[in-house]
Undergrad: 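Got a structure for you, questions after.
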Protein chains: 2
Amino acid sequence: MARKTGSHAQITGPKIRSEALRLFARHGFAAVSMRQIAAAVGVQAGALYLYTPDKEALLFDLLKTHMDELLEAWAGEPRGAGPVEALEAFVRFHIRFNLSRPDAVFLSYMELRNLGSANFVMIEDLRKAYERELEEILIAGQQAKVFAIPDTKLATMALIAMLTGVTTWFREGGRLSQARIAAIYWDMARKAVGA
Amino acid sequence: MARKTGSHAQITGPKIRSEALRLFARHGFAAVSMRQIAAAVGVQAGALYLYTPDKEALLFDLLKTHMDELLEAWAGEPRGAGPVEALEAFVRFHIRFNLSRPDAVFLSYMELRNLGSANFVMIEDLRKAYERELEEILIAGQQAKVFAIPDTKLATMALIAMLTGVTTWFREGGRLSQARIAAIYWDMARKAVGA
DNA sequence: GTCTATAAACCGATAGAC
DNA sequence: GTCTATCGGTTTATAGAC
């Protein structure tokens with residue numbers, strides 16, 4: 001099938017998302033103009049509106065995709081039999097996944113406030129579903145008496161904040177390898193829950 | 001001394017800072033216009049420039065003040081003799097102080113990128129100085145063999161991220177009191193460092 | 001599918017009146 | 001100290017040519 005000159009939908013669509021993700025994470029959603037995104041992609045600003053109805057929808061698409069991929073990746077992650085093994089799997093998975101997508105992680109933290117309330121609730125629910133995955137591990141370990149946790153809800157929030165924090169300071173080629181960092185965090189997480 | 005009609009410098013100055021802090025935290029620095037801040041204060045946009053040379057200087061003033069107050073408050077905080085007591089003091093102080101200023105904490109995390117490089121470095125150095133306070137406690141405890149920490153630098157980042165995370169979900173009048181939350185976090189922090 | 005051109009609104013910051 | 005008015009530039013989003 002013949003296409004008009006300058007037709008590159010299969011390239012432009014993904015490129016808009018990747019450049020928008022990079023720019024939003026670097027400068028903030030409100031600070032980035034549609035013209036900047038278009039320039040980074042290599043098209044004119046008007047062309048963006050063939051791929052997104054408006055700027056907020058572009059942000060929502062990025063956040064929704066990230067959360068979907070996060071939950072899907074965790075669902076497909078192998079994990080051991082007991083709560084301790086499951087917690088170790090979660091800790092290592094969370095660090096590995098988040099470090100592979102630092103821009104998306106940062107965006108999911110910072111730019112939820114730029115979403116309308118309906119979109120906000122949708123992303124928020126996915127985030128809660130992910131947190132629930134960790135809490136269920138903690139509850140199982142608590143019931144099996146292999147964890148000693150004063151409050152599983154607080155432990156969930158504490159562990160996720162601790163693990164996600166890695167993305168704010170980790171730099172490739174730094175003092176410690178990603179594997180070493182994951183091992184150290186697993187050690188601290190394990191101790192924190194009394195395992 | 002007589003003043004002209006409409007002269008309220010002693011009220012307007014602090015109010016500009018408090019309203020700007022609230023709006024920047026809520027919507028993001030770039031998303032908030034000087035006109036919005038002025039409207040919240042109850043003056044016209046032009047009047048803001050009697051109190052700040054430009055918008056970025058207003059943001060910097062907020063962040064600098066916050067970091068100065070944080071370091072000053074910690075410097076004046078009573079703490080016990082040993083590393084364990086010092087760590088407990090730090091944990092409780094960090095939670096208490098940050099929960100008393102959630103907007104400033106959020107801003108300090110998210111909007112550093114809107115600072116010019118000179119201003120950025122200044123805030124960053126203050127943040128590092130604060131982190132160093134915690135790391136020195138961990139190092140002292142490690143040397144005294146009352147902590148068992150694989151890496152004091154990583155433990156510092158892990159603990160601060162864990163503790164700061166409280167500000168993202170805590171709501172006054174929620175399930176747990178602030179004192180109870182601090183006690184639970186202290187329990188997890190203590191275990192995490194092997195004390 | 002992309003471009004150019006443009007509408008309508010808003011931005012940060014300043015000048016001058018009071 | 002504050003206001004009104006405004007400059008010069010930017011914004012999101014759309015219309016119509018190709």
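In what follows, chains carry the letters A, B, and so on, assigned in the order in which the sequence lines appear, proteins first and then strands, with residues in each chain numbered from 1.
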Undergrad: In this structure, which one of A:Trp186, A:Tyr130, A:Tyr185 forms a ring pair (Phe, Tyr, Trp, His ring centres under 6.0 Å) with A:Phe90?
TA: A:Tyr130
Undergrad: What is the distance, to the nearest angstrom, from the CD atom on B:Gln36 to the P atom on C:dA9?
TA: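 These atoms are roughly 17 Å apart.
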Undergrad: C:dG12 C1' sits how many Å from B:Phe24 CZ, rounded?
TA: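 B:Phe24 atom CZ is separated from C:dG12 atom C1' by 12 Å.
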Undergrad: Between atom CD in B:Gln10 and atom C1' in D:dT2, what is the gap in whole Å?
TA: 16 Å
Undergrad: Using atom NZ of A:Lys55 as one end and atom C1' of D:dT14 as the other, report the distance to the nearest whole Å.
TA: 17 Å
Undergrad: Got a donor-acceptor contact below 3.5 angstrom from the B:Thr52 side chain to the B:Lys55 backbone?
TA: no
Undergrad: Under 4.0 Å between a side-chain N/O of A:Gln44 and OP1 or OP2 of C:dT4, yes or no?
TA: yes
Undergrad: Indicate yes or no for a side-chain donor-acceptor contact from A:Glu69 to the backbone of A:His66 under 3.5 Å, with no hydrogens or angles considered.
TA: no
Undergrad: Which one, C:dC11, C:dC3, D:dA13, comes nearest to the side chain of B:Arg35?
TA: C:dC11
Undergrad: Once you round it to whole Å, what is the distance between P of D:dT2 and NZ of B:Lys15?
TA: 11 Å
Undergrad: Starting the side chain at C-beta, find the nucleotide from D:dC3, C:dG1, D:dA13 nearest to A:Leu50.
TA: C:dG1
Undergrad: For C:dC10, take OP1 and OP2 only and decide whether either is under 4.0 Å from a side-chain N or O of B:Ser33.
TA: no
Undergrad: Whole angstroms only, please: what is the CD1-P distance between A:Ile37 and D:dT11?
TA: 11 Å
Undergrad: For D:dG1, take OP1 and OP2 only and decide whether either is under 4.0 Å from a side-chain N or O of B:Tyr51.
TA: no
Undergrad: If I compare all heavy atoms of B:Thr152 with all of B:Glu135, which pair ends up nearest, and what's the gap?
TA: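 That would be OG1-OE2, 3.3 Å.
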Undergrad: Atom OH of A:Tyr49 to atom P of D:dG16: distance rounded to whole Å?
TA: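 Nearest whole value for this atom pair: 18 Å.
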Undergrad: Answer yes or no: is there a donor N or O on one side and an acceptor on the other, between the side chain of A:Glu77 and the main chain of A:Phe93, under 3.5 Å?
TA: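 Here the side-chain-to-backbone pair does not exist.
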Undergrad: Remember a base hit wins even if backbone is also touched, and classify B:Val32 as base, sugar-phosphate or nothing at under 4.0 Å, heavy atoms.
TA: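 Sugar-phosphate only.
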Undergrad: Closer to the 5' end of DNA chain D via nearest nucleotide, is it A:Ala31 or A:Pro53?
TA: A:Ala31
Undergrad: Between P on D:dG9 and CE on B:Met34, what's the gap in Å once rounded to a whole number?
TA: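 Taking CE of B:Met34 and P of D:dG9, I get 20 Å after rounding.
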Undergrad: Between A:Ala30 and B:Thr12, who's closer to the 5' end of DNA chain D by nearest nucleotide?
TA: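 Checking each residue's closest nucleotide, the 5'-ward one belongs to B:Thr12.
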